[in-house]
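Chain A is the first sequence line, chain B the second, and so forth, proteins listed ahead of strands; every chain is numbered from 1. All values below were derived from every heavy atom in this structure, side-chain atoms included, with hydrogens, water molecules and symmetry-related copies excluded.
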There are 2 protein chains.
Amino acid sequence: MSLTFFTPGPAQLYPTFEKHLQTFVSEQLGSISHRSQQYRDLHKFTVDQLRTLLNVPDSHAILFLGSASEAWERILFSCVELESFHLVNGSFSKKFYDYSLGLCKYAHSQEKPMGEGFSASEVIVPEYAELICTTHNETSSGVQMPVSEIHKLKQKYPDKLIAVDIVSSAPYPDLDFNLIDTAFFSVQKAFGLPAGLGVWIVNEKCLKKSEEIKKQYSIGAHNDLPTLWKNAQNNETPATPNVMGIYLLGKIAEDFNKIGVKNIRKETEQKADLLYKFIESANGFSSFVKDKKYRSQTVIVANTEQPSADIIKTMKTKGMVIGSGYGQFKSSQLRIANFPATSLEEIQSLIQELKAL
Amino acid sequence: MSLTFFTPGPAQLYPTFEKHLQTFVSEQLGSISHRSQQYRDLHKFTVDQLRTLLNVPDSHAILFLGSASEAWERILFSCVELESFHLVNGSFSKKFYDYSLGLCKYAHSQEKPMGEGFSASEVIVPEYAELICTTHNETSSGVQMPVSEIHKLKQKYPDKLIAVDIVSSAPYPDLDFNLIDTAFFSVQKAFGLPAGLGVWIVNEKCLKKSEEIKKQYSIGAHNDLPTLWKNAQNNETPATPNVMGIYLLGKIAEDFNKIGVKNIRKETEQKADLLYKFIESANGFSSFVKDKKYRSQTVIVANTEQPSADIIKTMKTKGMVIGSGYGQFKSSQLRIANFPATSLEEIQSLIQELKAL
């Protein structure tokens, strides 16, 4: 039986994935040199499609890494000489903070319990923090920091750099890259691709900062920002990249552009609305995130009265795979991904089956 | 026209690649959770097949990274508190050295011109160097350091850790992992897969060293050895891995094991022998590596009298893709990969066409 994955990543593959994969194979793109014009054209195509999709100005480079987790490290290496600041309200924002400690930086944090969100007005960034690390979508808890609050936070601290984790939400958040210095995501979430590729969007201010830091401290040796940036000017990467992942991402981004990012965002909100309405009204379910303002549109987290493992098991027999809760909430919550790869009809079917439990 | 790639990587894909890719797609493995038993079984299968293929004892973990270049960095972070030592005779061994400088370590080197190799007896490792970095196969120059010399070097300095770059030769070198502390490769060379995955083989001594270093210095935050090691015990990875790459690598390694690694090594030597005999005897070609002892069995580098770009162009019209020289030798050399994906018959056809030029 073919399954439909409503899991928060790896997730359902986008419907056009197989077609693009076949083209990749038949054109023998897995064998082309990463120093050839053919590769540079492929690379540029993906960058251009992402630039259009996410409205990224030329002040920012779009770079490729092995994963979004690698981006955490590269951003901290590049943008933090001594002190970083982190908004922590779940497992992934906590990992960003932990990475800073792992690089022996002084990491400040402002914390909230899982399920709660941050508004710009309540955030106090310490004076010497060089970088504000935010998470647009906490995959562990289903909390979203509204884009308007992220923008306000940068406007409140215009002299600090700001990083936005959009791993499990891009291309949903409409970030203003005139304000946002750096953001990053991975492809196995809303882009509906197999894992193994991270995308790092980063501006010239971060580049300059990394060049300053490099005079005194290590900024890493692998995929360090100045080297990545220099190679990207030529549509190349320093090491042999995941050519298959970059190709597929470009084709999916092109598909998204054909639909129009506004339409994708609108459908995401429609589907999320259906899911939240169901969770709020159905017996045995409730929304983990109480404040509607902070509810994620892409990863919906529900408290369950019965053990979530039982629901997951039953739903799998119906061909639908849902994610469990994260960490301490593993057995008492469900996480339902709401990515472009699952259609309005599939979300409606999911709700029908959950109702029939 | 379907092309045959004799390029040193990305290279010809292994003949069974498409079959395995289809299975990956039809079994929906691109969507499975990396925290599920299904993933752990897949992960374990690949590790077990590699363990058999490369004769890796249980003292060593087999870990997955984004690329072999990432392994350079992780090895230096994990095994070098202050000083590393590098045998440098080409662009890739030089990059390993540069990575050490990039991490602000004190990097020593012993250098030879491109095209020349090292014997253990002539190598002098400085007293305080903690790690000896060797390159089994210099992809840039076609120089191989015989496995026996690598083993002798470790025996000469038993108290130092030794790392072996087997990027463009594994599974050809029959390393004795009772001597070798760490080695690494990428999948787009002799394993005939698309790029995007690095494999890091590393022993408990390196793990212990990284834990010691961590008390005083950063050992990195992303894919740091203690975290990778801990996750590997459970057949998992800290971040979402390249599941497709890991799956395909396991299936190719299984194919190799069915053939038998000894047979693969023997056929590699037969094919290399044909290529070198041709280069040595044909007008207009000569072997770049003069000393037979140091000639690579997997990347054969030939000096050409006519511009190598002309030869490459003509050969492409015949459906055969050969690599250019590296760096300063780009226009005066050819690099011909001799990986398992190209059969004896294909190498014979290549030679026939080169003869007919």
- Max heavy-atom pair count under 4.5 Å with chain A, selected residue of B:Val25, B:Val321, B:Thr7, B:Val243: B:Val25
- Message: Among A:Ala221, A:Cys104, A:Gly102, which residue has the highest count of heavy-atom pairs closer than 4.5 Å to chain B?
- Response: A:Ala221
- Flag side-chain contact, heavy atom, 4.5 Å: A:Thr240 against B:Pro10: yes
- Note on the structure: Checking heavy-atom separations under 4.5 Å from chain B, one finds in residues 30-40 of chain A A:Gly30, A:Ser31, A:Ile32, A:Ser33, A:His34
- Item | Heavy-atom closest contact (A:Leu103 atom, B:Ser218 atom, distance) | CA-OG, 3.5 Å
- Message: Please report the interatomic distance CG(B:Leu13) to CD(A:Gln28), rounded to the nearest 0.5 Å.
- Response: 8.0 Å
Pair up each side-chain donor or acceptor in residues 93-101 of chain A with any protein partner under 3.5 Å, not counting sequence neighbours, and list the distances.
from, atom 1, to, atom 2, distance (Å)
A:Ser93, OG, A:Asn89, N, 3.0
A:Ser93, OG, A:Gly90, N, 3.3
A:Ser93, OG, A:Gly90, O, 3.2
A:Ser93, OG, A:Glu138, OE2, 2.8
A:Lys94, NZ, A:Asp98, OD1, 3.3
A:Lys94, NZ, A:Asp98, OD2, 3.4
A:Tyr99, OH, B:His222, ND1, 2.9
A:Ser100, OG, A:Ser84, OG, 2.7

- With a 4.5 Å cut-off on heavy-atom pairs, point out which of B:Ala195, B:Gly66, B:Pro194 contacts chain A the most. B:Ala195
- Message: Let me confirm one number: the OG-CD distance from A:Ser2 to B:Glu27, rounded to the nearest 0.5 Å.
- Response: 12.0 Å
- Query: Any ion pair linking B:Glu70 and A:Arg74 (charged N to carboxylate O, less than 4.0 Å)?
  - Reply: no
- Item | Inter-residue atom distance A:Leu21.CG - B:Leu21.CG, 0.5 Å rounding | 4.5 Å
- Would you mind telling me which of B:Gly323, B:Gly220, B:Ser67, B:Ala239 has the largest number of heavy-atom pairs within less than 4.5 Å of chain A? B:Gly220
- Message: At a 4.5 Å cut-off on heavy atoms, which part of B:Ser69 comes close to chain A: side chain, backbone, both, or neither?
- Response: both
- Task: Using a cut-off of under 4.5 Å on heavy-atom pairs, state which of B:Gln22, B:Glu18, B:Glu73 scores highest against chain A.
- Result: B:Glu73
